[in-house]
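Note that ligands are numbered from 1 as they come in the structure, with each ligand's atoms numbered from 1 the same way. For this chain, numbers begin at 1 and follow the sequence in order.
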Amino acid sequence: MRKNIAIDGPAGAGKSTIAKIVAKRLGHIYVDTGAMYRAMALFMLKQGVDVNDTEAVKKSAKDANIEIRYEDGIQCVILNGENVNDSIRTEEVSAAASKTSVVKEVRERLVALQQELALKTDVVMDGRDIGTKVLPDAYLKIYMTASADVRAKRRYDENIAKGMECDLEKIKQEIIERDHRDMTREESPLVKAWDAVEIDTSGMTIEEVADRITKML
Ligand code: DC
């Protein structure tokens, strides 16, 4: 029996950091589904597609060839033959991914890819619709949250550590806007699955959250 773990929640709740640690402890593969939506958005931005135009996004989605490879245990997102792991981590791509991911055709393609990966091996997969749509029979489902203030501060600290200039209040506003779009869209909105365990990571350390999840297994 597969022991897949689904981790959903809003941006900055700590999903990917925790998912990577849990995957390593269990010997599972970590699958970052947000990276796939980001690659799709990057493709559209490069093509000059208006990411607010559903019809244009729908048409363009067919031309994006997204593959996932693992190199030394690290997930590499390959967009039309090119590793785009670094170029998908900009605020512009974050906002565009939140917009293009509302389109059904984009989701259908990427959900199929995600389900294929989970069939091959045990995974810890993070995203917005993993427990509700992608892996409804996951062995364990976690819904990870944190206050908008905490999430914005985490993102701010990450950017500062990378030497990027940024504004805390602007980051907070972007997070709130993205949450709203991700939670209110028609296709697979971000919601807690009925059988998911909710963890508010606001006052917790990374180790505490990872320990809490591993103890549930
Ligand atoms: O987790 P992330 O910030 O890398 O995700 C980027 C965007 O992709 C997010 O705003 C919504 C979308 N997304 C989604 O719709 N479904 C997922 N399973 C993962 C991400």
Which of the numbered atoms in ligand 1 are below 4.0 angstrom from a heavy atom of Asp182? 9 (C), 10 (O), 11 (C)
Kindly identify the option in Lys15, Glu177, Met125, Arg128 whose heavy atom sits closest to atom 1 (O) of ligand 1. Arg128
Between Glu207 and Arg25, is there a side-chain N and carboxylate O pair less than 4.0 Å apart? yes
Check whether the side chains of Thr201 and Arg154 place a donor and an acceptor atom closer than 3.5 Å, and report yes or no. yes
For atom 8 (O) of ligand 1, find the nearest protein heavy atom and state the residue, atom name and distance (0.1 Å precision). Tyr37 CB, 3.4 Å
Does the N or O separation between Asp126 and ligand 1 drop below 3.5 Å for any pair? no
Under 3.5 Å: N/O of Thr33 near N/O of ligand 1: yes
Quiz question: by atom type and distance under 3.5 Å, do the side chains of Tyr37 and Arg107 form a donor-acceptor pair? yes
Where ligand 1 meets Ala97 - atom numbers and elements under 4.0 angstrom, heavy-atom basis: 7 (C)
Within the 3.5 Å criterion, strictly below it, is a donor on Arg128 or Ser188 matched to an acceptor on the partner's side chain? no
Are Glu174 and Lys170 close enough for a salt bridge, meaning some N to O gap below 4.0 Å? yes
List ligand 1 atoms under 4.0 Å from Arg185, heavy atoms only on the residue side. 14 (C), 15 (O), 16 (N)
Do Asp149 and Ser147 get their side chains close enough for a donor-acceptor pair, meaning under 3.5 Å? no
Check whether any N or O atom of Arg178, backbone or side chain, sits under 3.5 Å from an N or O atom of ligand 1, and answer yes or no. yes
Proximal atoms of ligand 1 relative to Ser98 (non-hydrogen, under 4.0 Å): 10 (O)
All heavy atoms of His28 vs all of Val123, minimum pair found to be CD2-O, 3.6 Å
Which of the ligand 1 atoms, numbered from 1, are nearer than 4.0 Å to a heavy atom of Arg38: 2 (P), 3 (O), 4 (O), 6 (C)
Is the closest side-chain donor-acceptor distance between Thr33 and Asp126 under 3.5 Å? no
Protein contact of atom 16 (N) of ligand 1 - nearest heavy atom, named by residue and atom, plus distance: Arg107 NH2, 3.0 Å
A student checking ligand 1 against Ser101 at a 4.0 Å heavy-atom cut-off should list atoms 11 (C), 12 (C), 15 (O)
Counting only nitrogen or oxygen atoms and a 3.5 angstrom limit, does Asp32 reach ligand 1? no
Mind listing the closest non-hydrogen atom pair of Ala61 and Arg109 along with its distance? O-NH1, 2.6 Å
